[in-house]
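Numbers here simply count residues along the sequence, with the first being 1.
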Amino acid sequence: MNYLAPNNVQSSTSQYLLNTWKNRYVATVQTIATNPTNSRKYPLEFVASQAGRKRTLEKLPDKLIKSACHNAAARTKRLYLDHQYLKFNDTVDLSKFTLKTIPVLLNCYQQQAPLVINPDNGAADNASELQFGISDVSTLANHLGNCFTEFEAQHSTSKDWLVQCFLTSQISLASTSLLAALDPVEQTMLGPYFNLLEEYVSIPWWRLCLSADRFDRLSPHYKLVEKLLARTSEISLTVYRRWSQQFDIYSSTRGTLSDLKIRRSSLRDFDMFQVYLWLSLLQGNLNVIETELVPFCTYIYKGIGIPWQMTVAGTQLLLEEILMRLRADEKAIAVNYIQGMMQAFQAAA
């Protein structure tokens, strides 16, 4: 597990992939005005302002953050404490990590004015759909990277995939608890920041950006990754629909595949699979799939009772969808990594 932040992303190829990463964290909210004069009548614009962001964070005092992190750690610990590689002292340190990282995230939210995108729908008198994004993902990731670098030095002997499981679950639970203290518009504005934090742990976006440094923008390898990466969410949604139909009778204590929380986590995981595939391609080997992705999936999915054949089937549907979107020359570049990924999941059955 290597969480060095992308503070050295300078090349054009890295920057383009960084922009693709940035585009994931955009909140879309309905609004009725673009030039408000009254914060009560136009809460959206006020929430996006510096004063509004400050007021939002006043609803998340240190006491509430500590409570949310401690409760999330306790719930997560019950899931993982029985594993021989994760001891009590480890779980304490992991909970401290989240308690330290969330204030860093919130400080960036307060300091950074949001990126505002106002589509021109040609109807100034009607409701328009404003989009709010994280204006500086690189700086935010750099701050998070400093936290992770310190954390990694303290846990260099830990089972990386197990630590990743714990942190992902803990961050998700803590962020859900904190967002519940906010108004709906505030939740929408701050939500992308928590999403980035959770994905920073589970999806190697920044490593993908750094790996692009090996290529120029005319490289067929880079052009393939850039093309498919821009369609990550679209591909995941298509595959999820086919996968949930194939296993429509599946049900667990967490619910069915159509439940909102399971749908969200499944879509994120299909995104994760794609990023790992393209990272593998840019690095020129299957190491990250075989030593990170498959062990992580083996533990977390089997641990929550998802039959492994469902994971294998989902992986196959994903890779088939990707192949359908590739030209013959692109398939020649990607086929070894696609086949290697499929074989790695089948071997873990």
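Here the shortest heavy-atom pairing between Y200 and A141 reads OH-O, 3.5 Å. For the residue pair K22 and S135, the shortest heavy atom distance occurs at NZ-O, 3.2 Å. The two atoms that bring K59 and A181 nearest to each other are CD-O, 4.2 Å, heavy atoms only. Taking all atoms of both residues into account, the shortest heavy-atom contact from R268 to I203 is O-CD1, 3.9 Å.
Counted within 6.0 Å of NZ on K66, heavy atoms from surrounding residues, nucleotides or ligands total 12 or fewer; the atom is thus considered open. Surrounding CD of Q309 are more than 12 heavy atoms belonging to other residues, nucleotides or ligands, all under 6.0 Å away.
Under the 3.5 Å distance criterion, with hydrogens and angles disregarded, no donor-acceptor pair is assigned to the side chains of E226 and Y16. In this model, a donor atom of one side chain and an acceptor atom of the other lie less than 3.5 Å apart for Q274 and S236. Side chains of T238 and E321: a donor-acceptor N/O pair is absent below 3.5 angstrom, by distance only. No hydrogens or angles considered: nothing links the side chains of Q343 and Q339 as a donor-acceptor pair under 3.5 Å.
Among residues two or more places apart in sequence or in another chain, the side chain to side chain donor-acceptor pair (under 3.5 Å) test is passed with E330 by K227, R327.
Judged by distance alone, the side chain of T20 and the main-chain N or O of A230 form no donor-acceptor pair under 3.5 Å. Between the side chain of T315 and the backbone N or O of T311, at least one donor-acceptor pair lies under 3.5 Å. Although no hydrogens or angles enter the test, the distance criterion places a donor-acceptor pair under 3.5 Å between the side chain of N23 and the main chain of N19. Within the 3.5 Å criterion, the main-chain N or O of R241 finds a donor-acceptor partner in the side chain of S244.
Under the 4.5 Å side-chain heavy-atom criterion for grouping Ile, Leu, Val, Met, Phe, Trp and Tyr, L224 is not connected to V335 through any hydrophobic cluster. A continuous path of Ile, Leu, Val, Met, Phe, Trp and Tyr side chains, each step under 4.5 Å between heavy atoms, connects L179 with L197, placing both in one hydrophobic cluster.
Inter-residue side-chain proximity for R75 and N71 is flagged as unmet; no heavy-atom pair is nearer than 4.5 Å. Between I102 and F194 the shortest side-chain heavy-atom distance falls below 4.5 Å.
A cation-pi arrangement is not found for R217 relative to Y222, the charged atom failing to lie both closer than 6.0 Å to the ring centre and inside a 45° cone about the ring normal.
Note on R325 versus E234: salt bridge recorded, some NZ/NE/NH1/NH2 to OD/OE distance being below 4.0 Å. No salt bridge links K54 with E186; every basic N to acidic carboxylate O contact stays at or beyond 4.0 Å. Using a cutoff of 4.0 Å between basic side-chain nitrogens and carboxylate oxygens, E199 and R24 are scored as salt-bridged.
Rounding to the nearest 0.5 angstrom, the gap separating the OG1 atom in T101 from the CD atom in Q170 is 9.0 Å. A distance of 7.0 Å separates CD1 of I65 from SG of C69, quoted to the nearest 0.5 Å.
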Evaluation steps, ring-ring contact (aromatic ring centres under 6.0 Å, His included), between F345 and Y301: CA-CA 12 Å; F345 275 92; Y301 295 162; 8.2 Å; no
Trace of the side-chain contact (heavy atoms from CB on, under 4.5 Å) decision for V47 with R53: CA-CA 6 Å; V47 170; R53 299 197 306 277; over 6 Å; no
Derivation of the side-chain contact (heavy atoms from CB on, under 4.5 Å) call for T139 and C108: CA-CA 9 Å; T139 297; C108 287; 5.6 Å; no
Pair W278-Y337, ring-ring contact (aromatic ring centres under 6.0 Å, His included): steps then yes or no: CA-CA 9 Å; W278 304 132; Y337 301 95; 9.0 Å; no
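Below 30°, between 30° and 60°, or above 60°: for W243 and F270 the angle between ring planes is above 60°, a perpendicular geometry.
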